[in-house]
Amino acid sequence: MRFPELTADEAAEYIKNDFVVGIGGFSSVGTPKAVPSALARKAENEHNNGRQFRVGIITGGSTGDPIDGALARAHAVKFRTPFQSHKDMRAAINSQETQYFDLNLSHVAQDLRYGFLGHMDVCIIEAAEITDNGELIPTSSVGISPTLVKSADKIIIELNERHPQSVRGMHDIYEPLTPPYRREIPVYHPGDRIGTEHISIDPKKVLGVVRTNLQDNIAAFTEPNAITTKIGQNVAEFLINELRRGLIPKEFLPLQSGVGNIANAVLGSLGECPDIPPFTMFTEVIQNSVIPLMQSGRISFASGSSLTLSDDMLDKVYADFDFFKSRLMLRPQEITNHPELVRRLGIIAINTALEVDIFGNVNSTNVSGQKMMNGIGGSADFARNAYLSIFTCPSVAKGGVISAIVPMASHVDSNEHSVRVIATEYGVADLRAKSPLQKARTIIEKCVHPDYKQLLWDYLKISEGKCHTPISLSKAFAMHLALAETGDMRNAKF
């Protein structure tokens with residue numbers, strides 16, 4: 001190998017205070033692990049010796065504990081973008097120790113290329129293989145890695161022997177040109193290959209290679225419970241009915257599914273339904289539930305930016321890689337989430353909401369409009385452009401003291417113009433071709449928990465018949481105020 005071999009601690013020494021650091025990978029998999037952990041140790045040492053050490057962090061999406069966890073605990077992150085899901089980083093953001101700016105995931109790579117995110121000093125990329133002439137084979141994800149290696153002054157590579165070199169050929173690396181030279185992206189089927197199987201890097205930029213053999217440590221997803229199973233069944237029944245009515249083509253359409261246990265349960269219900277033909281996926285994240293459905297023939301192909309699989313499930317994929325390699329493709333996130341492709345392919349998008357109001361506005365990010373949970377991720381990329389945009393959520397949270405459906409969303413990430421369908425364990429609200437009042441009546445009737453139904457009917461009566469969108473400026477956040485003051489939204493008064 002022509003590149004210097006370094007220890008993680010030696011690599012971390014190249015990163016200085018106030019650097020902007022790019023992190024390759026996506027959704028906590030395929031991300032570097034050894035060097036960020038060493039960087040956290042360096043930060044702690046610098047602080048113990050009275051010296052300041054903080055860096056800016058730009059990633060493709062969420063990362064694991066070696067990055068967001070370790071660096072947050074070391075008080076080493078000046079700013080963070082675009083998406084995170086770690087409790088320690090969340091705490092640093094909500095205390096304003098770390099400045100955080102949320103981005104739609106389809107925008108991150110192009111914002112880097114446009115110069116909107118400023119100068120990047122160094123990026124750290126995980127690879128399954130690196131050749132002397134600069135062909136880098138990613139591991140279990142892509143994210144914004146192709147853009148990071150072009151934007152950063154220097155590159156550090158973690159060569160992770162946990163992933164076999166046979167992953168070469170699973171990736172499809174393509175970057176759009178910058179306007180005014182951009183052309184159409186020629187993807188007409190989820191399996192269309194349009195790029196290269198490797199990321200091209202400038203060998204002169206490489207500071208060194210750190211050899212590792214580290215797992216992603218993605219925990220197994222929780223088995224579906226009664227609520228998530230019912231949500232999945234409700235979505236499946238809705239789509240079956242759309243298919244029977246001829247509102248979905250008989251061949252069906254590619255699915256996009258968000259992250260988490262509800263998303264896994266929805267996919268499981270769709271896969272088990274004999275009335276839905278075998279389908280493809282064009283999504284960000286390929287989760288555990290996809291793999292058995294692929295083995296059974298229910299999913300014929302899946303394109304995504306990451307294999308976000310538990311360690312045992314990834315082992316199963318690698319053990320039968322000849323089967324899976326022709327059925328899986330990993331791409332940069334600006335391709336998996338690109339509005340042009342979402343619209344062209346006719347994606348059915350299924351994402352999870354934190355909060356929904358009775359007019360169909362969705363809050364995906366901020367608890368009570370104030371505290372950041374994770375970030376918008378890619379949900380809005382898909383929702384605005386999907387053939388059908390479906391948002392799911394349990395009707396209540398925290399044992400029932402919080403209703404997921406409220407008079408007015410405390411923060412809006414996907415507005416009523418992008419949201420077509422809401423589903424909870426109680427039913428499905430089809431919001432298409434409905435006025436605000438009709439949407440409100442449908443959501444309350446179909447989706448709201450019984451404990452909150454009458455409360456929301458009472459709210460609706462305040463302004464019903466007086467305006468186009470029946471809201472009360474003085475009462476719109478009464479349920480949020482009741483939660484803040486009494487600990488229970490059911491104590492709201494209208």
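Residues take their numbers from the sequence shown, with the count starting at 1.
The distance from atom OH of Tyr452 to atom CD1 of Ile402, rounded to the nearest 0.5 Å, is 7.5 Å. One distance of note links CG of Leu328 with CG of Leu307; it measures 5.5 Å at 0.5 Å rounding. We find the CZ-CD1 distance between Arg298 and Ile276 to be 7.0 Å, quoted to the nearest 0.5 Å. Atoms NZ and CG, from Lys446 and Leu431 in turn, are 11.5 Å apart once rounded to the nearest 0.5 Å. Here the OH atom belonging to Tyr114 is positioned 8.0 Å from the CG atom belonging to Asp111, to the nearest 0.5 angstrom. Taken from CG in Asp68 to CZ in Phe83, the straight-line distance is 10.5 Å, to the nearest 0.5 Å.
Closest approach of Pro332 to Pro146, counting heavy atoms only: CG-CG, 4.0 Å. The two atoms that bring Asp357 and Pro407 nearest to each other are CB-O, 3.6 Å, heavy atoms only. Shortest non-hydrogen contact noted between Pro224 and Thr229 is CB-OG1, 3.4 Å. Summarising the geometry of Ala236 relative to Leu270, their closest heavy-atom pair is CA-CD2, 3.4 Å, with the distance given to 0.1 Å. The nearest pair of heavy atoms linking Met313 to Pro292 is CE-CD, 4.4 Å. A pairwise comparison of heavy atoms in Gln96 and Gln99 identifies O-NE2, 3.1 Å as the closest pair.
With a 4.5 Å cut-off on side-chain heavy atoms, Ile227 and Ser395 do not count as touching. No side-chain heavy atom of Leu136 sits under 4.5 Å from any side-chain heavy atom of Ile155. The closest side-chain heavy-atom distance from Arg113 to Pro176 is below 4.5 Å. A heavy-atom distance below 4.5 Å is found between the side chains of Val21 and Ile124. Contact of the Asp153 side chain with the His119 side chain is registered, since non-hydrogen atoms from C-beta on lie closer than 4.5 Å. The shortest side-chain heavy-atom distance between Ser303 and Phe301 falls under the 4.5 Å cut-off. Met281 is not listed as a side-chain neighbour of Pro190, based on a closest heavy-atom distance of 4.5 Å or more. Residues Leu293 and Val290 fail the side-chain proximity criterion, which asks for heavy atoms closer than 4.5 Å.
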Decide side chain to side chain contact (heavy atoms under 4.5 Å, CB included) for Tyr174 and Arg331; before the verdict, give the C-alpha distance in whole Å, the side-chain angles of both, and the deciding distance to 0.1 Å. CA-CA 8 Å; Tyr174 176 94; Arg331 312 177 191 264; over 6 Å; no
Using the rule given for side chain to side chain contact (heavy atoms under 4.5 Å, CB included), can you reason through Phe279 versus Ile299, listing the C-alpha separation, both sets of side-chain angles and the distance that settles it, and then say yes or no? CA-CA 5 Å; Phe279 55 89; Ile299 293 177; 3.5 Å; yes
Using the side chain to side chain contact (heavy atoms under 4.5 Å, CB included) rule, take Thr139 and Asp216 through it: C-alpha gap first, then chi angles, then the decisive distance, then the call. CA-CA 11 Å; Thr139 58; Asp216 289 314; 5.9 Å; no
Start with the C-alpha distance between Thr308 and Ser27, add both sets of side-chain angles, then the distance that settles side-chain hydrogen bond (donor to acceptor under 3.5 Å, both in side chains), and finish with yes or no. CA-CA 7 Å; Thr308 306; Ser27 188; 3.3 Å; yes
Show your reasoning for whether side-chain hydrogen bond (donor to acceptor under 3.5 Å, both in side chains) applies to Gln287 and Ser257. CA-CA 9 Å; Gln287 295 192 102; Ser257 177; 4.7 Å; no
When you look at Leu330 and Ile286, which way does the side chain to side chain contact (heavy atoms under 4.5 Å, CB included) test go after all the steps? CA-CA 9 Å; Leu330 299 183; Ile286 299 169; 4.2 Å; yes
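Without hydrogens or angle criteria, Asn234 side chain to Thr424 main chain gives a donor-acceptor distance under 3.5 Å. At distances below 3.5 Å, not a single donor-acceptor pair connects side-chain atoms of Asp172 with backbone N or O atoms of Arg193. Although no hydrogens or angles enter the test, the distance criterion places no donor-acceptor pair under 3.5 Å between the side chain of Asn241 and the main chain of Phe238. Distance alone, capped at 3.5 Å, is enough to place a donor-acceptor pair between the Lys205 side chain and the Ala152 backbone. Of the possible donor and acceptor atoms, one in the side chain of Gln333 sits under 3.5 Å from a partner among the backbone N and O of Gly60. A distance-only check finds no donor-acceptor pair linking the side chain of Asn415 to the backbone of Asn361 [under 3.5 Å]. Remark: the backbone N or O of Asn160 is not paired with any side-chain donor or acceptor of Glu126 at under 3.5 angstrom. A donor-acceptor pair is defined here as one N or O able to donate and one able to accept, closer than 3.5 Å; such a pair exists between the side chain of Ser305 and the backbone of Gly143. Of the possible donor and acceptor atoms, none in the side chain of Glu355 sits under 3.5 Å from a partner among the backbone N and O of Val406. Using modelled atom types, one side-chain atom of Ser140 and one backbone atom of Gly30 make a donor-acceptor pair closer than 3.5 Å.
Using modelled atom types, one finds no donor on one side chain facing an acceptor on the other under 3.5 Å when comparing Asp102 with Thr365. No side-chain donor from either of Gln370 and His480 sits under 3.5 Å from a side-chain acceptor of the other.
Note on ring orientation: taking the six-membered ring where Trp is involved, the planes of His449 and Tyr426 are perpendicular (angle over 60°, cut-offs 30° and 60°).
Summarising the local packing, CZ of Arg183 is surrounded by 12 or fewer heavy atoms from other residues, nucleotides or ligands at distances under 6.0 Å. Within 6.0 Å of NZ in Lys398 there are 12 or fewer heavy atoms belonging to other residues, nucleotides or ligands.
Residue pairs meeting the ring-ring contact (aromatic ring centres under 6.0 Å, His included) criterion with at least one member in residues 92-112, sequence neighbours excluded: Phe79-Phe101.
In summary, Asp65 and Arg73 engage in a salt bridge, as defined by a charged side-chain N under 4.0 Å from a carboxylate O. Salt-bridge formation is not detected for the pair Arg420/Glu242: no Lys NZ or Arg NE/NH1/NH2 atom is positioned less than 4.0 Å from an Asp or Glu carboxylate oxygen.
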Please set out all donor-acceptor pairs under 3.5 angstrom arising from side-chain atoms of residues 372-384, sequence neighbours excluded.
| residue | atom | partner | partner atom | Å |
| --- | --- | --- | --- | --- |
| Asn374 | OD1 | Arg90 | NH2 | 2.8 |
| Ser379 | OG | Ile376 | O | 3.2 |
| Asp381 | OD1 | Ser106 | OG | 2.7 |
| Asp381 | OD2 | Leu105 | N | 3.4 |
| Asp381 | OD2 | Ser106 | N | 2.9 |
| Asp381 | OD2 | Ser106 | OG | 3.4 |
| Asp381 | OD2 | Asn337 | ND2 | 3.2 |
| Arg384 | NE | Ser418 | OG | 2.8 |
| Arg384 | NH2 | His417 | O | 2.6 |

All N/O donor-acceptor pairs, side-chain side in residues 344-351, below 3.5 Å, sequence neighbours left out:
| residue | atom | partner | partner atom | Å |
| --- | --- | --- | --- | --- |
| Arg344 | NH1 | Ile185 | O | 2.6 |
| Arg344 | NH1 | Val187 | O | 3.1 |
| Arg344 | NH1 | Glu340 | OE2 | 3.4 |
| Arg344 | NH2 | Glu340 | OE2 | 2.5 |
| Asn351 | OD1 | Gln256 | NE2 | 2.9 |
| Asn351 | ND2 | Gln256 | OE1 | 3.0 |

